[in-house]
Amino acid sequence: MRPRRFTLAEVLVAMLVMAVVLPVAMRALSLDWRLDQQAAQRQQASLLADMKLRELLITQDWLDAESSGEFGDDYPGYTWELETDEWTQGTVTLQQLSLSVRGIGGDRTAVTLTALAPYEVDE
């Protein structure tokens with residue numbers, strides 16, 4: 001008894017299936033890799049925003065410091081921008097600090113953190 005071999009038609013069908021499946025699988029892997037990179041950049045932007053906002057609150061540099069900047073050579077491509085808005089309730093005045101960090105991917109990796117800080121108005 002001879003062992004069964006593949007026919008030419010079966011080989012052609014298998015090649016056709018591979019020709020359809022491989023590009024779809026490669027595209028899915030490529031998309032997965034890009035989303036993974038974007039998530040990692042967004043996570044890094046979140047950590048940098050938290051670090052910078054805490055630094056501004058502790059040192060009170062938000063009172064007279066620059067309102068934007070970069071993170072230097074350690075984190076190239078990441079920039080930050082600080083916006084302040086005054087909140088007054090009776091005799092209490094607070095400042096809302098909104099710190100936005102943009103990563104390498106631009107708006108796709110943008111993160112904004114907000115905190116309230118005590119602020120005394122001189123009268």
Side-chain angles (χ1 to χ4, degrees):
M1 187 175 219
R2 286 181 31 187
R4 187 175 184 299
R5 298 185 182 163
F6 294 109
T7 64
L8 180 61
E10 291 173 329
V11 170
L12 290 176
V13 168
M15 288 176 62
L16 180 65
V17 168
M18 293 293 284
V20 171
V21 170
L22 274 178
V24 172
M26 293 305 291
R27 179 135 172 104
L29 287 174
S30 174
L31 179 62
D32 181 55
W33 180 80
R34 277 187 282 152
L35 290 174
D36 186 47
Q37 291 294 333
Q38 190 177 11
Q41 290 171 359
R42 181 176 224 123
Q43 180 182 21
Q44 184 65 54
S46 296
L47 293 171
L48 290 171
D50 182 54
M51 178 184 72
K52 187 65 177 180
L53 186 58
R54 288 174 191 254
E55 175 188 321
L56 290 170
L57 285 169
I58 291 170
T59 62
Q60 293 188 347
D61 283 346
W62 60 270
L63 291 167
D64 56 355
E66 295 181 18
S67 61
S68 63
E70 297 177 352
F71 289 96
D73 293 337
D74 293 336
Y75 303 100
Y78 288 91
T79 60
W80 62 273
E81 184 176 331
L82 178 67
E83 294 180 14
T84 59
D85 188 25
E86 191 173 286
W87 286 30
T88 304
Q89 181 70 30
T91 60
V92 177
T93 301
L94 297 174
Q95 278 298 114
Q96 176 181 327
L97 309 177
S98 296
L99 185 80
S100 298
V101 173
R102 282 185 172 60
I104 299 165
D107 286 339
R108 283 181 260 160
T109 58
V111 174
T112 301
L113 296 182
T114 302
L116 294 174
Y119 180 67
E120 295 181 19
V121 177
D122 296 329
E123 295 183 26

So the side-chain hydrogen bond (donor to acceptor under 3.5 Å, both in side chains) pairs with at least one residue in residues 43-63 (sequence neighbours excluded) are D50-R54, K52-E55, T59-D61

Straight-line distance of [X] [atom1] to [Y] [atom2], nearest 0.5 Å:
X	Y	atom1	atom2	value
Y78	L48	OH	CG	7.0 Å
L16	M18	CG	CE	11.5 Å
T112	E81	OG1	CD	9.0 Å
D36	Q41	CG	CD	10.0 Å

Here the pair of heavy atoms bringing E66 nearest to W80 is O-CH2, 3.4 Å

Minimal heavy-atom distance between R42 and A110, with the atoms involved, is NH2-O, 3.1 Å

**Enclosure of Q96 CD (heavy-atom neighbours >12, cutoff 6.0 Å)** = yes

When you group the ILVMFWY residues by side-chain heavy-atom contacts below 4.5 Å and let the links chain together, are V17 and V24 in the same group?
no

Review point. Side-chain contact, heavy-atom cut-off 4.5 Å: V11 with M15?
Key: yes

From the list V101, L97, T114, side chain to side chain contact (heavy atoms under 4.5 Å, CB included) with L53 holds only for L97

With L99 as partner, the option from T84, L57, V111, L56 fulfilling side chain to side chain contact (heavy atoms under 4.5 Å, CB included) is L56

The side chain to side chain donor-acceptor pair (under 3.5 Å) partners of R4 (sequence neighbours excluded) come to E10

